[in-house]
Structures are given as C-alpha cells and as structure tokens.
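Taking it in order: structure first as structure tokens, then the write-up.
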Amino acid sequence: MTESRRERSLSFGSEAAAYERGRPSYPPEAIDWLLPPGARDVLDLGAGTGKLTTRLVERGLDVVAVDPLAEMLELLTSALPDTPALLGTAEQIPLPDNSVDAVLVAQAWHWFDPQRAAAEVARVLRPGGRLGLVWNARDERLGWVKDLGRIIGHENAQLNDTTTLPKPFTDLARKHVEWTSYLTPQALIDLVASRSYCITSPTEVRTRTLDEVRELLATHPALANATGLALPYITVCIRATLGS
C-alpha cells in the first residue's frame with residue numbers, strides 16, 4: 001500500500017461523527033445473502049462506527065467488531081455497549097484460530113493487503129466458514145445523483161466486482177442489490193465530508209467541494225427546499241467459502 005493510500009485508509013477517525021451521521025446502512029437482502037446458514041459467531045472486520053455491526057446484532061448474532069481506529073470504535077461502543085469492539089487490522093486480527101462462522105467486511109476490503117488479510121481471515125474462520133464483502137455505491141443513473149458525482153467523483157458499482165480472493169477461498173459468488181437510503185440534506189453533506197479523498201484534500205479544496213454540494217442542494221429542482229432526500233444505491237456483494 002502506498003503512503004498516500006495508507007493515509008487515506010487511516011483518515012476516517014478525524015471525521016468519525018460525520019461518517020456515522022452520513023453513511024448509509026446495508027439492505028437486509030444483502031446481509032441475508034452474505035451470511036452462511038446457521039451462522040452464530042460473526043466478525044465485522046473494518047467495522048468503523050458500526051453501520052453493519054448494528055444490523056448483525058439486531059439479528060441476534062454474537063458479533064465482534066474489529067477496526068484500526070479508536071475514534072470509530074468509540075462511536076460503535078456508545079451505540080452497542082454489549083458488543084466486543086477490538087482495535088486491530090485485517091492483517092493482524094485479534095481473535096483466536098477457528099473462532100467465527102463468518103467474517104463480513106463492509107466498505108473496507110480495498111484498504112487491506114489482500115493476501116495477508118485472506119490468510120488471517122482463513123485463520124479465524126471455522127472450517128467451511130464464509131468471507132463476505134459488501135460495498136455501497138451510489139446509483140448515478142438518476143439526474144441529481146449524477147450531478148453529485150460530477151462534484152465529488154463518480155462511483156462505479158462495477159469497480160469492486162473485479163475483486164478476487166486467493167486460496168483457500170472457493171465458490172466465489174457475486175450479487176447486486178438495488179435499494180434506496182433516505183437522509184436529510186445535512187446528512188448528505190456529512191456523507192461527502194466523511195469520504196477519504198475529502199478528508200485528506202487541502203482545506204481550500206475540501207471547503208470548495210462542500211460548498212458545491214450545498215449549492216446543488218439549494219438549486220437542483222429535485223432537491224431545493226426538500227427536507228428529505230432519496231439516495232439510490234447499488235450494493236455490491238461478494239462471498240466465498242473457506243476451502244480445505
């Protein structure tokens with residue numbers, strides 16, 4: 001990982017509150033597809049502020065959250081005080097061997113060293129366990145969302161579809177889920193403010209970007225004077241099974 005990429009991967013802590021306010025959750029259909037039948041013990045790896053962790057806890061699963069940033073885990077713990085939250089990385093997971101049925105990674109696999117992370121995930125998974133990856137990408141086929149992409153950078157839902165997983169993972173499968181997140185105008189600003197490129201941009205670039213988003217909210221016919229926004233997403237899901 002290059003130094004600039006590493007800086008971006010560790011930048012979220014400074015905007016943890018904005019991340020929690022602005023980032024979307026994950027659709028139940030995606031989580032259903034990612035989890036193996038009968039799963040009980042689940043690791044949320046790169047858990048952040050707990051967007052996915054919350055959905056897993058709500059299902060009655062025994063969840064452990066791991067993230068490298070204390071600021072993110074602080075928010076997670078405040079919302080989920082009974083859920084173990086551990087400082088750690090995908091390359092050094094602070095769990096014993098054969099301890100979980102599934103490892104889910106939301107919005108984070110692209111920050112990992114894939115070979116080292118895959119080996120660590122294989123170590124903590126039980127035989128036949130599952131690794132599930134998930135990303136939310138804005139669906140930019142609609143007018144204002146495409147305009148937002150011109151300001152903050154376009155998202156390509158296909159980009160993470162190219163992700164492959166090394167051995168010993170087998171039976172790789174992929175799925176897209178289309179859904180809509182409902183948020184306030186301020187939450188959209190928080191969403192942009194919590195993006196790694198925005199956090200690490202020079203102050204004047206960051207300020208200009210957020211001002212352009214505010215202008216879009218004030219002037220676009222679909223957004224002006226709106227108290228709530230409907231932001232369409234395409235959720236990209238990838239799953240694989242730990243082979244022998």
Side-chain angles (χ1 to χ4, degrees), residues 1-2 4-16 18-20 22-27 30-31 33-35 42-57 63-77 80 83-95 100 102-125 130-138 155-157 159-166 169 172 174-175 177 191 194-200 233-240:
M1 184 185 295
T2 64
S4 62
R5 193 157 176 267
R6 176 174 171 78
E7 178 189 4
R8 288 179 60 192
S9 74
L10 298 175
S11 68
F12 299 105
S14 65
E15 289 292 340
Y19 191 106
E20 173 59 24
R23 293 297 182 104
S25 184
Y26 298 90
I31 300 172
W33 187 83
L34 290 167
L35 287 169
V42 179
L43 166 61
D44 184 0
L45 183 58
T49 63
K51 290 290 184 176
L52 178 61
T53 319
T54 299
R55 301 282 85 85
L56 297 171
V57 170
V63 185
V64 176
V66 169
D67 196 86
L69 297 174
E71 300 95 330
M72 304 292 263
L73 289 181
E74 184 178 350
L75 289 176
L76 186 153
T77 299
L80 301 168
T83 299
L86 308 176
L87 281 171
T89 66
E91 296 80 14
Q92 289 185 299
I93 300 172
L95 292 181
V100 294
V103 175
L104 298 192
V105 181
Q107 224 73 22
W109 184 262
H110 55 286
W111 297 121
F112 302 163
D113 178 316
Q115 294 289 337
R116 292 174 61 199
E120 269 292 86
V121 169
R123 179 184 66 78
V124 302
L125 276 175
R130 182 178 290 174
L131 170 60
L133 315 180
V134 60
W135 290 270
N136 285 321
R138 298 183 309 276
E155 285 193 321
N156 184 353
L159 185 62
N160 293 308
D161 262 351
T162 63
T163 298
T164 59
L165 294 171
F169 290 97
L172 191 74
R174 307 173 194 272
K175 181 181 178 67
V177 178
L191 171 64
S194 72
R195 306 283 295 193
S196 62
Y197 68 85
C198 194
I199 298 170
T200 57
Y233 279 96
I234 299 171
T235 296
V236 177
C237 309
I238 298 175
R239 71 185 187 194

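The analysis underlying the following values was restricted to heavy atoms, covering all of them including side chains, and did not include hydrogens, waters or symmetry mates. Fair warning: this is a prediction, and the values are worked out from it, not measured in the lab.
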Are side-chain heavy atoms of [X] and [Y] found at a separation under 4.5 Å?
X	Y	value
Val121	Phe169	yes
Leu104	Tyr26	no
Ile31	Val134	no

Could you give the distance from [atom1] ([X]) to [atom2] ([Y]), rounded to the nearest 0.5 Å?
X	Y	atom1	atom2	answer
Leu56	Thr83	CG	OG1	9.5 Å
Thr49	Leu69	OG1	CG	11.0 Å
Met72	Leu75	CE	CG	8.0 Å
Leu80	Thr54	CG	OG1	4.0 Å
Trp33	Lys175	CH2	NZ	7.5 Å
Phe112	Leu133	CZ	CG	9.0 Å

| Looking only at atom types and distance, does a side-chain atom of Arg130 sit under 3.5 Å from a main-chain N or O of Leu34, one as donor and one as acceptor? | yes

| said: Using modelled atom types and a 3.5 Å cut-off, is there a donor and acceptor pairing between side-chain atoms of Lys51 and backbone atoms of Arg23? | reply: yes

| query | Yes or no on side-chain contact (heavy atoms from CB on, under 4.5 Å) for Val177 and Ile234, after CA distance, side-chain angles and deciding distance? | reply | CA-CA 6 Å; Val177 178; Ile234 299 171; over 6 Å; no

Minimum heavy-atom separation for [X] to [Y], with atom names?
X	Y	result
Trp135	Gln107	CA-OE1, 3.4 Å
Leu87	Ala70	CD2-N, 3.6 Å
Pro68	Thr89	CB-CG2, 4.1 Å
Ser25	Asn136	O-ND2, 2.9 Å
Gly48	Leu76	O-CD1, 3.7 Å
Pro84	Val63	CD-O, 3.3 Å

| field | Results of side chain to side chain contact (heavy atoms under 4.5 Å, CB included) for Pro166 - residues two or more places apart only | value | Gln115, Ala118

| request: Check Asp67, Leu73, Val64 against Leu86 for a side-chain contact (heavy atoms from CB on, under 4.5 Å) and give me the one that passes. | output: Val64

| field | With Glu120, the side-chain contact (heavy atoms from CB on, under 4.5 Å) member among Val103, Leu95, Ile93 | value | Ile93

| With Arg239 via side-chain hydrogen bond (donor to acceptor under 3.5 Å, both in side chains) - residues at least two apart | none

